[in-house]
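Here's the structure we're looking at; comments come further down.
Note that this is a predicted model, so its numbers are computed, not measured. All heavy atoms count here, side chains included; hydrogens, waters and symmetry mates do not.
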Amino acid sequence: MGNKNTSALNRHLIGVKEGKRCFENAFQGVTRMILESEIQKVVVNGKTTYDFSIFRKGKKHIIGMYDEINSFVSYVKDAAENGSSKEMALVLVGEPGNGKTFLVDYICREYRAFLSKETNRKYTFRFTGLDKIGGYGKITTIESQTYEDPMILGMNISDNPDENRDFLSRQIGFSDNEIETLWADHRPLGACSAFIWNEIRNYTDGDLNKMLEWVEIIPVPMTESLGTVTGKYPAKDKITSSAVDLLGEESIQRLLHITETNNPFRFDLRRGALARVAGGGIHFSDEIFKNKKDLVQVYLGVIQNRSIEIDGYKWPIDTLIIATSNNSEFNRFLAEKEEAPIVDRCRICYVSHNTNYKLQKDLTIYAIGNETRTTLNREYLHQDPNLNYAASVAVVLSRLARSEKLTPIETMKLAAGEVAGEKSIKTLAEVIDTLNQDPDITKRFGQKGLGQRNLGRAMQLLFESSETNEGKCMFAYDIFKALERIILDYVIDTNDRAKYLEDLKTAKGLYRERIMTEMFNAYMDEPMAIRKDVMNYVNMIIGIDAENLGPDKLWKYKDPQTRELRALKIDERYINSVEERLGLKTTEQRETFRTSIRKIYGQKISVNPEYDFMDNLELVKAVTDVRLKSDIAGAGSLIGALANRTNEENQKLYDRIVDTMLNKLGYCLTCAQKTTEYFCTQEDEK
């Protein structure tokens, strides 16, 4: 057998043996793709979980979704290791507009990029010279309809399994162990490949070397629009959809060429969505439960048996099946008890909305758009620096369920990993656990609320309003009006609507507090003014009991951030004013509060020397109030001075503040004036 390694198939198999080409199923491929990326540990809602860097790269990547991604990774990994997930499909269930389809599309896009690297490429085979055999009319070459891997042909060279193992060890040089590993993924050839291979065997009298001359190895086409490797099947309406769209059908065109009536090649599988992803691809079934019954039954067969079956012919497939569904469709489907077997074959993963307002900032950027926006007159449209914050807080608050243990603001802060006064992350974890016991999915944590699409609609309303176009600026406070319109127009359930409008009020209150801080920074002519004053208060209550405190009340301490020696004058009047604003009346209350601040300081500074207490909103608000409502000559407060600009001094102060807002804080004239005006009203005061 002098030319044993010259055939295309042998060359490919040797490539696999030497590690230049690869043979793995869809699950193994996706698992390898994910686990080759960097993995980090993160704490989400008080629980440690993993974060995979592959989902966090590129301009428009996945944000949050930690639990959902972990579910997906463990599902694929289990299937790759031959676990029970191998016979299941993963179904993402959740409200519209929370990123289910976005997640699946992202996975498919990454998988395509992964497979386009040379060593990961998928190959398949085709039979040539069929005109010699006869019976195929004008068809001379036939490609494997399900993009079978050449290794599958290698494992099915003859009908005798021992001869197949013998072929791989003798001709290619695989060791016994390697052959055992390969056989874990063994599957028979699809009906038409097996039929043609048999015809070739008969024609060549079983001479293997001659048979192999009829086989060509080709790479699987990667063009996305062809639907190969990753394909999507969206649920269609009752009349136009049929099993043909998934499985394929008998092809009249082929029947005109093929003389043998039993030839399974008369079925055109590529008409269906499944055959195109059957060679280690991902099949994405959008809104799977919207399909009519018989199609869902077809899915049941495909998921369970991993094969396409038509008229008794079988084509084994190697496909990762991911589906999505919204809550209402899924519940309707569950209510029809006879459909239990399909749900039994699915790994259900409930997708919640993003509940972390810090992560929401990135999602809000997606909704606003990265491009420079323009007005209807094509002039530059400015974005208020507080717009993102206002929008993010408003939508996140709507997604947080009410609870007796936590106020909405405490829940929001804890969910973003911040300090919420006395309440700890443990409380949030308990609240989430209790909510997640509810059999009604929509009552679970983060399952209900204003989704990304609603936020997008609110942004559209903001862009089209005349105020935005006249002032050439997207003013932050206007987003509340837009969101209110969306809630009234798109939220059908009365209880939900009432809750969301209540949440909107809370969001306005938070926006108000942020504006107080911004105005103070503008007044002090320094972006970080508030931060300094908050740290001054913290350092004062730490130094107030120091032994080395002289009658001049000067306390010398080493700054943990810069490691320099500092002197701080302890101003008891300032400390008392701040604590009054916090509502601390008695000495005991003050001492308890100071102790808690010192405790937080001790815990945080050791881990993060840069910690600045800015996430402690109550303290920040108290400090801001003390500074804003004192020490401005004549007017008694900054609000008074800005509201009453009849005298020259106040006008000067107003001009200086607006100037700082324009030059240092990123405002434009419109939003600087509107923000100052809003600051001078008593609206949304808590």
Write down the atom of A275, the atom of L269, and the distance for their closest heavy-atom approach.
CB-O, 3.4 Å
Across all chains, not counting sequence neighbours, the ring pair (Phe, Tyr, Trp, His ring centres under 6.0 Å) partners of F102 are none
Please report the C-alpha distance between N326 and S328 in whole Å, then the side-chain angles of each, then the deciding distance to 0.1 Å, and finally whether the side chain to side chain donor-acceptor pair (under 3.5 Å) criterion is met.
CA-CA 6 Å; N326 69 49; S328 53; 2.8 Å; yes
Name of the residue among D149, T119, V16, N120 meeting side-chain contact (heavy atoms from CB on, under 4.5 Å) with R21
V16
Which heavy atom in E68 sits nearest to a heavy atom in S352, and how many Å separate them?
OE2-N, 3.0 Å
Quick one: does any side-chain atom of S116 pair with a main-chain N or O of A113 as donor and acceptor, under 3.5 Å?
yes
Taking the six-membered ring for Trp and the single ring otherwise, decide whether the centroids of H12 and F23 are under 6.0 Å apart.
no
Between Y350 and F330, how do the two ring planes meet: parallel, tilted or perpendicular, split at 30° and 60°?
perpendicular
Which residues pass the side chain to side chain contact (heavy atoms under 4.5 Å, CB included) test with S37, sequence neighbours left out?
F52, S53, I54
Does anything in residues 347-361 pair up under salt bridge (charged side-chain N to carboxylate O under 4.0 Å, His left out), and if so which pairs, sequence neighbours excluded?
K358-E418
Can you name the residues that form a salt bridge (Lys or Arg N to Asp or Glu O under 4.0 Å) with E87, not counting sequence neighbours?
none
State plainly whether the residues R399 and E95 are in salt-bridge range, i.e. N to O under 4.0 Å.
no
Salt bridge (charged side-chain N to carboxylate O under 4.0 Å, His left out): pairs with one or both residues in residues 51-61, sequence neighbours excluded
D51-R56, K57-E110
If we only count heavy atoms from C-beta on, is the F55 to I107 side-chain gap below 4.5 Å?
yes
Should V44 and N356 count as side-chain neighbours, where that means a heavy-atom distance under 4.5 Å?
no
Listed partners of R165 passing salt bridge (Lys or Arg N to Asp or Glu O under 4.0 Å), at least two apart:
E180
Got L90 and F72 here, is their nearest side-chain heavy-atom distance under 4.5 Å?
yes
Within 45° of the six-membered ring axis of F265 and under 6.0 Å from that ring's centre, is NZ or CZ of R254 located there?
yes
Looking only at heavy atoms, which two atoms of V277 and T228 are closest? And how far apart?
CG1-C, 4.5 Å
